[in-house]
Amino acid sequence: MNNCFIILAGGESQRFKSNVPKPYQLYKGKPLLLHSVDKARDYKKFNKIVIVINNKHKKYIKKLKIKDVKIIFGGKTRAESAYKALASVKKENIKNVMIHDAARPDFSHQLLKRLFKELKNNKCVIPAIQSTDSIKLKELNKISNIKRENIYLTQTPQAFNYSELYKLQNELGSEVTDDANLFIKAKKKIKLIKGEIKNIKITINNDIKINNFVKYGIGFDIHRLVPNKKLYLGGVKIPFQLGTLGHSDGDPVLHAITDAILGACNMGDIGEKFSDKNKKYKNVRSTILLSKVIDQIKNKNYLINNIDINIITEKPKIKNYKTKIVNCISKICEISPSQINIKGKTTEKLGVIGKEKAIACEAIVSIIKYD
Ligand code: ZN
C-alpha cells in the first residue's frame with residue numbers, strides 16, 4: 001500500500017463571505033476541512049495524507065491539532081498547489097494519489113473504493129455527474145443548445161497514477177487549471193466514473209446554513225447528599241465527605257446533560273430511557289447511560305453543537321474540577337472541550353442546596369440535525 005490523499009484547502013475563499021476562511025468553518029458540527037481528513041483517514045488505505053493550506057491560514061490549522069498529516073503551503077493557483085503537494089511526497093515511492101478539494105466534504109468511502117478499483121487499469125480516474133439542468137451556450141450573443149447528455153460535471157477526489165501525473169505536471173507546467181486537464185492536454189485516456197449527487201461543493205454561506213438545522217434542549221436534576229456515598233459530578237469522582245443518593249451513581253450533571261440532549265432531539269427523558277425500576281441500572285455509571293444516548297442520537301444524524309452547564313452546590317466548590325469535568329464530558333459526547341462551558345453556582349446558603357443537603361444541575365444543549 002503506497003497511497004497518498006492530497007487535500008487542497010489553499011484557496012482565498014473569495015466567494016465565501018466570512019471572517020473565518022471556508023475550510024475552517026463549522027459544517028455539520030465540525031470544521032469543513034476535517035470532514036475530508038477524517039474520511040481519508042478512516043478509509044485506512046492512505047499511508048500519507050497531505051493538506052495544502054493558504055499560508056495566511058496558519059493560525060486556523062494550528063487550532064485543529066491534526067495529527068499524522070503533512071501540512072504544506074499552497075501556490076498561487078490550484079494547479080501550483082497540487083504540484084507542490086505532489087513534489088512534497090516525491091521521495092515516498094507513492095503509487096496512487098488522489099487529489100481532493102476540501103470544499104467537498106460529503107464524498108463517500110464507496111466512491112474511494114470505486115476510484116481505487118478503476119485505478120488498477122487506468123492512470124486517471126475522475127468522478128463526474130451528468131447535468132440535470134438544460135444547458136445553453138452563448139457565443140457572440142448567439143445562444144445555442146447543448147445536449148445535456150454530452151455534459152459532465154467533474155468532482156473530486158480525482159485519482160491518478162502518481163508518477164504519470166507528476167511527469168505531466170513537470171512537462172506541461174502549472175498553467176493548466178486542473179489535474180485531469182493535464183491528461184486532456186497530453187491526449188491521454190481519462191476514465192470517467194459516476195460521481196455522487198451528495199458530493200457537492202460548498203461555495204457560499206447559504207450552503208452551510210441550509211445544511212445545518214439547530215435545535216435546543218434543557219435539562220435539570222437534583223440529588224440528595226448523604227454520608228457513605230460517592231460523589232460523581234460530570235463523570236468525575238470528587239473527594240467529599242458526602243455523596244449523592246440515587247438509583248444509578250447519582251451524577252446530577254450527567255443526568256441534566258442527558259435530559260437536555262434527549263429534549264433537543266425530541267426523544268423523551270432519562271427516566272423513560274433508563275427506568276429506576278430496572279435492576280440493570282442499579283448503581284450504573286451515568287457515563288454509560290450518556291454514551292448510549294450519544295450513540296442513539298448519532299444514528300439519527302444529530303450532532304452536539306454546544307453544552308452550557310450550571311452546577312449548583314454550596315460545597316464542594318467545583319472551580320478546581322472544571323477542566324477535568326469538561327474533558328470527561330467532551331470524551332463521552334465526542335465533541336471538543338471548547339464546545340462545553342461550566343459555571344459553578346451557590347444558592348447563598350439558602351434552601352436545601354444552601355444547607356448542603358443536595359446538589360443540583362441545569363444544562364442547555366444545542367444540537368444540529370443534518371441529512
Ligand atoms: Zn439524577
Side-chain angles (χ1 to χ4, degrees), residues 215-297 302 304 306-319 321-322 324-335 339-347 350-367:
K215 293 168 64 131
Y216 304 91
I218 188 167
F220 173 82
D221 196 29
I222 185 161
H223 280 263
R224 271 174 208 277
L225 278 172
V226 293
N228 304 319
K229 278 279 186 184
K230 289 175 187 152
L231 176 61
Y232 287 102
L233 293 176
V236 176
K237 198 173 160 212
I238 311 283
F240 192 53
Q241 67 271 26
L242 302 172
T244 47
L245 191 65
H247 184 69
S248 63
D249 65 3
D251 185 332
V253 180
L254 293 192
H255 294 176
I257 293 171
T258 307
D259 255 353
I261 293 169
L262 289 171
C265 302
N266 217 354
M267 286 165 63
D269 67 47
I270 189 169
E272 288 167 16
K273 286 248 168 232
F274 312 106
S275 165
D276 58 8
K277 305 277 181 305
N278 191 334
K279 279 194 187 127
K280 209 164 91 185
Y281 301 122
K282 178 99 185 110
N283 295 325
V284 72
R285 286 294 310 277
S286 304
T287 48
I288 294 169
L289 305 182
L290 179 53
S291 294
K292 279 190 187 182
V293 168
I294 296 295
D295 280 346
Q296 289 172 8
I297 66 159
Y302 287 115
I304 295 169
N306 80 306
I307 308 177
D308 187 27
I309 304 153
N310 285 340
I311 304 177
I312 311 157
T313 68
E314 198 57 48
K315 266 187 201 159
K317 294 277 173 263
I318 63 128
K319 205 173 87 191
Y321 306 107
K322 263 192 192 179
K324 247 186 162 173
I325 296 174
V326 164
N327 287 338
C328 180
I329 297 168
S330 92
K331 262 197 203 124
I332 307 168
C333 294
E334 300 173 25
I335 55 175
Q339 290 164 281
I340 302 165
N341 187 69
I342 292 181
K343 306 191 287 297
K345 296 288 188 194
T346 72
T347 56
L350 294 166
V352 285
I353 294 171
K355 303 277 178 304
E356 294 170 36
K357 286 188 166 32
I359 288 186
C361 178
E362 49 190 5
I364 185 159
V365 167
S366 80
I367 56 125

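Atoms within each ligand, like the ligands themselves, are counted from 1 in listed order. Note that the numbering runs from 1 along the sequence shown for the chain. All of these numbers come straight from a predicted model, not from anything done at the bench.
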Peer 1: Are Lys343 and Asp308 close enough for a salt bridge, meaning some N to O gap below 4.0 Å?
Peer 2: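 Salt bridge between Lys343 and Asp308, a charged N being under 4.0 Å from a carboxylate O: yes.
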Peer 1: Rounded at 0.5 Å granularity, tell me how far CD1 in Ile329 sits from CD1 in Ile307.
Peer 2: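 The distance works out to 6.5 Å.
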Peer 1: So which of Thr258, Asp249, Asp251 actually passes side chain to side chain donor-acceptor pair (under 3.5 Å) with Ser286?
Peer 2: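 In the set Thr258, Asp249, Asp251, the residue that makes a side chain to side chain donor-acceptor pair (under 3.5 Å) with Ser286 is Asp249.
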Peer 1: For the residue pair Asp276 / His247, report whether a side-chain donor-acceptor contact shorter than 3.5 Å exists.
Peer 2: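 There is no such pair between these side chains.
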Peer 1: For the Zn ion (ligand 1), give me the closest N/O/S atom belonging to His223, just the atom name.
Peer 2: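 Checking each N, O and S atom of His223, the shortest distance to the Zn ion (ligand 1) belongs to NE2.
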Peer 1: Please find out if the Zn ion (ligand 1) and some N, O or S atom of Asp251 are separated by less than 2.8 Å.
Peer 2: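 So Asp251 does not count as coordinating the Zn ion (ligand 1).
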Peer 1: Could you check which N/O/S atom of His255 is closest to the Zn ion (ligand 1)?
Peer 2: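 Going through the N, O and S atoms of His255 one by one, ND1 ends up nearest to the Zn ion (ligand 1).
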Peer 1: Which atom, among the N/O/S set of Asp221, is closest to the Zn ion (ligand 1)?
Peer 2: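 When I compare the N, O and S atoms of Asp221, OD2 is nearest to the Zn ion (ligand 1).
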